[in-house]
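Heads up: the structure comes next, in structure tokens.
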Amino acid sequence: MKRYPPIPAVADASDDLLTGHLWLLELIDGWHLRFRMADSGLIRFGDRGAVYDDPDELPDAYGHAVQHVRERFDPGGAPERGRRRN
């Protein structure tokens with residue numbers, strides 16, 4: 001894949017700026033979120049610096065991601081510890 005060209009200022013751009021290939025650079029801004037299933041089956045969430053044992057302690061910014069994980073996580077799909085899935 002080719003590296004995208006430098007981004008010119010709009011005021012300095014030539015009239016043919018939007019001809020040919022148009023490169024878009026998207027920088028995702030978000031929080032880091034991790035989760036794991038405890039031996040009890042409880043899903044525990046955390047970020048880079050903390051583990052949240054109480055769901056009410058989770059920052060509001062995690063709300064949508066936590067809901068997504070809870071609705072779609074399949075504990076039966078996880079391999080047993082010490083055993084590989086084929």
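Values reported hereafter were calculated over all heavy atoms of this structure, with side chains retained and with hydrogens, waters and symmetry mates removed. The model shown is predicted, which means the values in this text are computed figures rather than measured ones.
Annotation for Leu33 and Ala65: closest pair CD2-CB, 3.5 Å, computed over non-hydrogen atoms. For the residue pair Arg70 and Phe45, the shortest heavy atom distance occurs at NE-CE1, 4.0 Å.
Atom CG of Asp60 has 12 or fewer heavy atoms from other residues, nucleotides or ligands within 6.0 Å.
Ring orientation note: the planes of Phe35 and Phe73 are nearly perpendicular, at an angle over 60° on the 30°/60° scale.
Separation of atoms NE2 (His32) and CZ (Arg48) is listed at 3.0 Å; rounding is to 0.5 Å. The distance from atom CE of Met37 to atom CG of Asp74, rounded to the nearest 0.5 Å, is 9.5 Å.
Salt-bridge formation is not detected for the pair Asp47/Arg34: no Lys NZ or Arg NE/NH1/NH2 atom is positioned less than 4.0 Å from an Asp or Glu carboxylate oxygen.
The shortest side-chain heavy-atom distance between Arg36 and Ile43 does not fall under the 4.5 Å cut-off. In this structure the side chain of Asp56 never reaches within 4.5 angstrom of the side chain of Leu58, judged on heavy atoms.
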